[in-house]
Amino acid sequence: MDGPLGLRKVGSYASVADAGDELDLSRLLEKPPPKLSIERQRSFEERSLSELSISVRALDAAAYDHGMFSPGMRSSGFDTPASSARNSFEPHPMVAEAWEALRRSLVYLRGQPVGTIAAYDHASEEILNYDQVFVRDFVPSALAFLMNGEPEIVKNFLLKTLHLQGWEKKVDRFKLGEGVMPASFKVLHDPIRKTDTLIADFGASAIGRVAPVDSGFWWIILLRAYTKSTGDLSLAETPECQKGMRLILALCLSEGFDTFPTLLCADGCSMIDRRMGIYGYPIEIQALFFMALRCALSMLKHDAEGKEFVERIVKRLHALSYHMRSYFWLDFQQLNDIYRWKTEEYSHTAVNKFNVIPDSIPDWVFDFMPTRGGYFIGNVSPARMDFRWFCLGNCVAILSSLATPEQAMAIMDLIEARWEEIVGEMPLKVAYPAIESHEWRIVTGCDPKNTRWSYHNGGSWPVLLWLLTAACIKTGRPQIARRAIELAESRLLKDGWPEYYDGKLGRYIGKQARKFQTWSIAGYLVAKMMLEDPSHLGMISLEEDKAMKPLIKRSTSWTC
């Protein structure tokens with residue numbers, strides 16, 4: 001039963017049954033989650049969330065100082081499966097509109113909700129693939145439903161995509177790896193035969209014909225979020241989910257010729273799904289890779305098969321955290337050091353390990369970098385450093401604790417110092433700055449959609465609000481998120497929930513942006529709910545792993 005403004009009144013976590021699934025996973029949906037003691041629920045955690053550097057009480061106090069919470073609101077603890085504070089605040093009037101729009105986007109398979117379509121824009125003449133359920137797009141929708149006490153939708157989605165993972169995947173007669181998750185799927189309804197059919201896309205229909213590298217990572221992250229939110233370990237512990245995680249891990253942990261612990265990724269395999277010069281080791285994929293590894297580590301069983309992957313994950317995490325914190329991190333001092341680098345160095349004593357030519361540093365970065373603040377740059381590979389700012393990768397680095405506490409605070413300092421460039425009039429720049437002129441022609445292949453300050457080339461994406469809000473709460477800076485959300489509230493509903501905005505300040509609705517873009521709607525709802533009840537952060541945030549090798553001092557970080 002739904003309460004006012006689309007918020008559900010929760011009595012239990014009963015699941016929806018699916019009797020007609022081709023794969024025998026229906027029994028998983030029919031079994032209600034067991035009633036778990038607090039002790040068992042806490043045993044799932046890698047460590048107590050109460051050890052977070054930012055406590056809920058501190059967040060509440062900060063929120064009161066900034067007028068974020070209404071009087072009488074109470075916040076539940078991090079270990080509470082469902083928020084008791086859900087209906088105790090006075091939401092913004094557009095929250096009700098957002099919930100109504102989100103529910104209109106639901107997709108059903110045999111009467112069960114299994115996801116949300118990408119956009120509900122009936123005014124657009126070209127549907128393209130916006131009527132499909134995308135794995136990455138559904139994540140903010142899933143979080144919104146989890147925060148609202150509706151986990152059955154998320155459970156159905158996790159099981160359906162797991163079923164699709166088991167399909168044989170071929171693109172132009174070439175077989176993809178077993179662990180590849182679909183980029184999206186569609187439900188075809190036959191009203192005459194009264195049948196529903198699932199159709200999945202693993203890249204064969206995508207722009208550029210590339211498979212999604214990030215789908216598997218988002219699936220693992222969402223499985224943990226479901227488990228954290230409900231306290232239901234039974235789903236993650238099933239043989240099917242355990243196998244699904246292992247297949248994903250087998251793909252990304254495979255050994256090859258690479259000498260780096262980062263994951264090689266082609267253009268178009270992530271949120272930036274067109275050619276944008278991110279080929280190599282893009283920050284978005286590395287941060288998601290790191291987070292998925294840590295989430296899998298907390299959910300894998302320590303049986304014969306799981307133990308082997310646990311050992312491989314631990315080794316990879318140590319190497320990956322060292323590599324990213326050392327070579328991808330940029331602040332004022334590091335920029336000055338790179339500016340003075342020598343080239344053509346050899347052997348283990350080389351300071352300039354990747355032989356980056358200092359003259360290749362773009363002029364804009366010297367003005368962009370504040371004296372206080374820093375960020376993880378877009379890419380590092382031989383003779384190349386992509387100095388662009390990418391929002392998703394930096395926010396996930398904070399949430400996964402890939403960023404050290406000091407680096408996380410520095411990223412927040414940078415956002416505040418460069419508010420106009422990163423946030424502007426509509427949150428939030430997916431990348432900064434835009435590629436222009438001749439560089440745009442070469443890097444994007446003259447892509448007419450990724451023109452300067454549009455779409456992925458410096459466009460502003462409202463969906464990123466939820467990631468920014470989560471990062472702000474974790475670092476104890478909720479006032480930053482509130483300021484960004486207020487900007488979005490001034491226009492999002494009036495503009496019809498666009499997919500993205502164009503312009504240097506994000507002032508204009510994107511030239512090809514769909515209206516009623518589902519993840520723009522869900523991203524707003526998740527941001528609002530996290531601000532009202534910071535305990536929701538627990539389902540999408542990981543604490544710092546004290547066992548990880550700490551960041552090496554800058555004076556030696558390039559010489560050890």
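Scope of the values below: all heavy atoms of this structure, side chains included, with no hydrogens, waters or symmetry mates.
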> How many angstroms lie between atom CZ of Arg507 and atom CZ of Arg491, to the nearest 0.5 angstrom?
Replying inline: 9.0 Å

>> How close do Ser460 and Lys429 get, counting heavy atoms only, and between which atoms?
In response: OG-NZ, 3.4 Å

>> Ignoring hydrogens, what is the shortest heavy-atom contact between Tyr455 and Val430? Give both atom names and the distance.
In response: O-CG1, 3.8 Å

>> Within the structure provided, determine whether Pro478 and Leu531 are in side-chain contact (heavy-atom separation under 4.5 Å).
In response: yes

> Can you name the nearest heavy-atom pair linking Ala522 to Leu102, along with the distance?
Replying inline: CB-CD1, 4.2 Å

> Using the ring of each side chain (for Trp, its six-membered ring), is Trp461 parallel, tilted or perpendicular to Trp519, with breaks at 30° and 60°?
Replying inline: perpendicular

> With a 4.0 Å cut-off, would you call Glu489 and Lys528 a salt bridge?
Replying inline: yes

>> My understanding is that only residues two or more places apart in sequence, or in another chain, count here; which of them pass side chain to side chain donor-acceptor pair (under 3.5 Å) with Asn450?
In response: Asp447

> Atom CG of Leu233 and atom SG of Cys241: how far apart are they, to the nearest 0.5 Å?
Replying inline: 11.5 Å

> Can you tell me if Glu284 uses its side chain to pair, donor with acceptor, with the backbone of Ser270 under 3.5 Å?
Replying inline: no

>> Distance check, rounded to the nearest 0.5 Å: Phe289 atom CZ versus Cys252 atom SG?
In response: 4.5 Å

>> Looking at every heavy atom in both Ser400 and Arg294, which two are closest together, and how far apart are they?
In response: O-NH1, 2.9 Å

>> For Asn129, give me all partners under side chain to side chain donor-acceptor pair (under 3.5 Å), at least two apart in sequence or on another chain.
In response: none

> Does the side chain of Tyr130 come under 3.5 Å of the side chain of Asp121 through a donor N or O and an acceptor N or O?
Replying inline: no

> What distance separates Glu178 CD from Lys243 NZ, expressed to the nearest 0.5 Å?
Replying inline: 6.5 Å

> Just wondering, are more than 12 heavy atoms of other shown residues or ligands nearer than 6.0 Å to NZ in Lys449?
Replying inline: yes

> How long is the gap from CZ on Phe138 to OG1 on Thr161, to the nearest 0.5 Å?
Replying inline: 9.0 Å

> Looking at Asp273, Val135, Leu288, which hits side chain to side chain contact (heavy atoms under 4.5 Å, CB included) with Asp214?
Replying inline: Leu288

> Just by distance, do the side chain of His92 and the backbone of Met94 share a donor-acceptor pair under 3.5 Å?
Replying inline: yes

> Does a donor on one side chain and an acceptor on the other come within less than 3.5 Å for Tyr108 and Asp196?
Replying inline: no

> What closest approach, in Å, do Gln512 and Tyr500 show between heavy atoms, and which atom pair accounts for it?
Replying inline: N-OH, 3.1 Å

> Charged N to carboxylate O below 4.0 Å: is that the case for Glu237 and Lys301?
Replying inline: no

> Is the shortest distance from a Lys or Arg side-chain nitrogen in Asp131 or Lys186 to a carboxylate oxygen in the other one below 4.0 Å?
Replying inline: yes

> Looking only at heavy atoms, which two atoms of Lys474 and Ser401 are closest? And how far apart?
Replying inline: NZ-OG, 2.9 Å

